Colleague: 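Have a look at this one before I ask anything.
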Amino acid sequence: MNALRFLPFLFYAALLGAGLPTPSARAQSSSPVMNHGDMQGQAGSAPAEARDPHAYAGGTTLSSGPYALGSERSLFMGDEHSHWVFLADRLEAVRDVDGGPSQGAYEFLVRGGHDHDRLVLKAEGEAAAGELESSSTQALWSHAVAPFWDRQVGLRHDTLQGGKARNWLALGLDGLAPYWFEVGVTAYLGEGGRTALGLSVEYELLLTQRLVLQPSLDAEAHGQHDSANGIGQGLSSATTGLRLRYEFSRQLAPYLGLEREAHFGETADLRRTADKPVRDTRAVAGLRFWF
């Protein structure tokens, strides 16, 4: 058995003795011999039969001809473009469930600029009998501080029929919270040291691709009494809403809904004194559109 291990060596020696080529020698003889001295690298000159790169360009180059790029940039990143949008979030008719005259309400937004810095204009109010009962207008500079979140700084002007107009300095945070809640928190500083805090939360639940249910919450608190406008210190009001809209397109959607407004604390006491309701439920019908 030990002798079998030497058989390959004996076979190899027999081939050499007979003058026959070994397997490795046959492989080398069958391969063509490559002359490395004739090879040219990429830095060398092109062969004589190589195609002229300019033969089919008609004299056009990167810097000349009708397709020259020129010195100005022709390509821009997405966050370098300016975008503008107008949104009528609420344009609706309002009627108390317990009866009473119909009213109108609006809430508009204009936003324009780049992804990181924008100008934001907000306007909302209520009207009855052809007269504007209350309005709030804001001009804000919005700057992105995190993905989906903007810091906003600007001015707010409020008017109230039978009351006094107020001006505020606004500082807030607006964005998209986890689970797709649209959240806005804004602090206000007014004349004479007046302060206020506003909160708004919205959520869009897609029942179908066109039918959208939108619950919302708006609340406001004040740091001082404002008897001229019937506002007390602390949490003054909160409004919850539920609107169901049908989107004929993303830009046009009529809706129906209910809205519940409640006043609290000293503000509720001032309204009772003025013989005004503290709780109010309203039915709404309106149109939401943007372009």
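Predicted model only: the values in this text are computed from it and were never measured. Position 1 is the first residue of the sequence, and the numbers go up from there.
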Colleague: Apply side chain to side chain donor-acceptor pair (under 3.5 Å) to Arg90 and list each qualifying residue two or more places apart in sequence or on a separate chain.
Modeller: Glu92, Glu107
Colleague: Please examine the side chains of Val110 and Leu119, heavy atoms only from C-beta on, and report whether any two atoms are closer than 4.5 Å.
Modeller: no
Colleague: Side-chain contact, heavy-atom cut-off 4.5 Å: Glu133 with Gln103?
Modeller: yes
Colleague: Step by step, would you call Thr273 with Lys276 a side-chain contact (heavy atoms from CB on, under 4.5 Å)?
Modeller: CA-CA 8 Å; Thr273 303; Lys276 294 181 179 180; over 6 Å; no
Colleague: Quickly, which of Leu160, Leu270, Thr267 forms a side-chain contact (heavy atoms from CB on, under 4.5 Å) with Asn229? Name it, please.
Modeller: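 That would be Leu160; it is the only one of Leu160, Leu270, Thr267 passing the side-chain contact (heavy atoms from CB on, under 4.5 Å) with Asn229.
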Colleague: When the side chains of residues 120-127 are checked against the rest of the protein, which donor-acceptor pairs come out under 3.5 Å, sequence neighbours left out?
Modeller:
none

Colleague: Pairs of donor and acceptor atoms involving the side chains of residues 235-242, under 3.5 Å and at least two apart or interchain, shall be tabulated with distances.
Modeller:
{"residue": "Ser236", "atom": "OG", "partner": "Glu220", "partner atom": "O", "Å": "2.8"}

Colleague: Please report the closest heavy-atom contact between Gln224 and Gly193, naming both atoms and the distance.
Modeller: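 So the two residues come closest at NE2-O, 3.0 Å.
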Colleague: Using the test salt bridge (Lys or Arg N to Asp or Glu O under 4.0 Å), find all partners of Arg272 that sit at least two apart in sequence or belong to another chain.
Modeller: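 Arg272 satisfies salt bridge (Lys or Arg N to Asp or Glu O under 4.0 Å) with Asp269 once adjacent residues are dropped.
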Colleague: Find out if a path of hydrophobic residues (ILVMFWY) with successive side-chain heavy-atom gaps under 4.5 Å connects Val97 to Val284.
Modeller: no
Colleague: What's the spacing between Leu91 CG and Tyr255 OH if we round to 0.5 Å?
Modeller: 7.0 Å
Colleague: Under the side chain to side chain donor-acceptor pair (under 3.5 Å) rule, collect the residues that match up with Ser135, sequence neighbours excluded.
Modeller: Thr159
Colleague: Can you get from Tyr188 to Trp141 by hopping between Ile, Leu, Val, Met, Phe, Trp and Tyr side chains that sit under 4.5 Å apart?
Modeller: no
Colleague: Return the minimal non-hydrogen interatomic distance between His263 and Pro277, and the atom names on each side.
Modeller: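 His263 and Pro277 have their closest heavy atoms at CD2-O, 4.2 Å.
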Colleague: Verify the neighbour count for atom CZ of Phe86: are there more than 12 heavy atoms of other residues, nucleotides or ligands below 6.0 Å?
Modeller: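 Yes.
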Colleague: List the residues meeting ring pair (Phe, Tyr, Trp, His ring centres under 6.0 Å) with Phe248, not counting sequence neighbours, and say none if there are none.
Modeller: Tyr246
Colleague: Which residues pass the side chain to side chain donor-acceptor pair (under 3.5 Å) test with Glu191, not counting sequence neighbours?
Modeller: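 None.
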Colleague: Just to verify, what does Tyr179 make a ring pair (Phe, Tyr, Trp, His ring centres under 6.0 Å) with, not counting sequence neighbours?
Modeller: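 Applying ring pair (Phe, Tyr, Trp, His ring centres under 6.0 Å) to Tyr179 gives none.
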Colleague: Among Arg282, Arg95, Arg279, which residue meets the salt bridge (Lys or Arg N to Asp or Glu O under 4.0 Å) test with Glu259?
Modeller: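 In the set Arg282, Arg95, Arg279, the residue that makes a salt bridge (Lys or Arg N to Asp or Glu O under 4.0 Å) with Glu259 is Arg282.
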Colleague: What closest approach, in Å, do Leu140 and Leu155 show between heavy atoms, and which atom pair accounts for it?
Modeller: CD2-N, 4.3 Å
Colleague: Just list the side-chain donor-acceptor pairs under 3.5 Å for residues 162-176, sequence neighbours left out, or say none.
Modeller:
{"residue": "Arg166", "atom": "NE", "partner": "Asp226", "partner atom": "OD2", "Å": "3.2"}
{"residue": "Arg166", "atom": "NH2", "partner": "Asp226", "partner atom": "OD1", "Å": "2.8"}
{"residue": "Asn167", "atom": "OD1", "partner": "His157", "partner atom": "ND1", "Å": "2.6"}
{"residue": "Trp168", "atom": "NE1", "partner": "Asp158", "partner atom": "OD2", "Å": "3.2"}

Colleague: Is it possible for you to say whether Leu258 and Val94 belong to one hydrophobic cluster, with membership spreading through side-chain heavy-atom contacts below 4.5 Å?
Modeller: no
Colleague: Measure across Arg111 and Leu109 and return the closest heavy-atom pair with its distance rounded to 0.1 Å.
Modeller: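 Residues Arg111 and Leu109, closest heavy atoms: CB-CD2, 3.8 Å.
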Colleague: Return a table of donor-acceptor pairs under 3.5 angstrom between the side chains of residues 199-208 and protein atoms on other chains or two or more places apart.
Modeller:
{"residue": "Glu202", "atom": "OE1", "partner": "Gln214", "partner atom": "NE2", "Å": "3.2"}
{"residue": "Glu204", "atom": "OE1", "partner": "Arg245", "partner atom": "NH2", "Å": "3.3"}
{"residue": "Glu204", "atom": "OE2", "partner": "Arg245", "partner atom": "NH2", "Å": "2.9"}
{"residue": "Thr208", "atom": "OG1", "partner": "Arg210", "partner atom": "N", "Å": "3.2"}
{"residue": "Thr208", "atom": "OG1", "partner": "Leu211", "partner atom": "N", "Å": "2.9"}

Colleague: Salt bridge or not between Asp89 and Arg288? Use side-chain N to carboxylate O under 4.0 Å.
Modeller: yes
Colleague: Under the ring pair (Phe, Tyr, Trp, His ring centres under 6.0 Å) test, which residues partner Trp149, sequence neighbours left out?
Modeller: none
Colleague: Using the test ring pair (Phe, Tyr, Trp, His ring centres under 6.0 Å), find all partners of Tyr106 that sit at least two apart in sequence or belong to another chain.
Modeller: Phe108
Colleague: When you look at Gln251 and Phe289, which way does the side-chain contact (heavy atoms from CB on, under 4.5 Å) test go after all the steps?
Modeller: CA-CA 5 Å; Gln251 292 82 15; Phe289 62 91; 5.8 Å; no
Colleague: When you group the ILVMFWY residues by side-chain heavy-atom contacts below 4.5 Å and let the links chain together, are Leu256 and Leu213 in the same group?
Modeller: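 Leu213 does not cluster with Leu256.
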Colleague: How close do His225 and Gly232 get, heavy atom to heavy atom, and via which atoms?
Modeller: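 Closest pair (atom of His225, atom of Gly232, distance): ND1-CA, 4.2 Å.
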Colleague: Taking the side chain from His83 and the backbone from His114, do they hold a donor-acceptor pair closer than 3.5 Å?
Modeller: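 Absent.
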Colleague: Cluster question for you: counting only ILVMFWY and a side-chain heavy-atom cut-off of under 4.5 Å, with indirect links fine, are Leu252 and Val212 together?
Modeller: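 No; Val212 is not reachable from Leu252 via cluster members.
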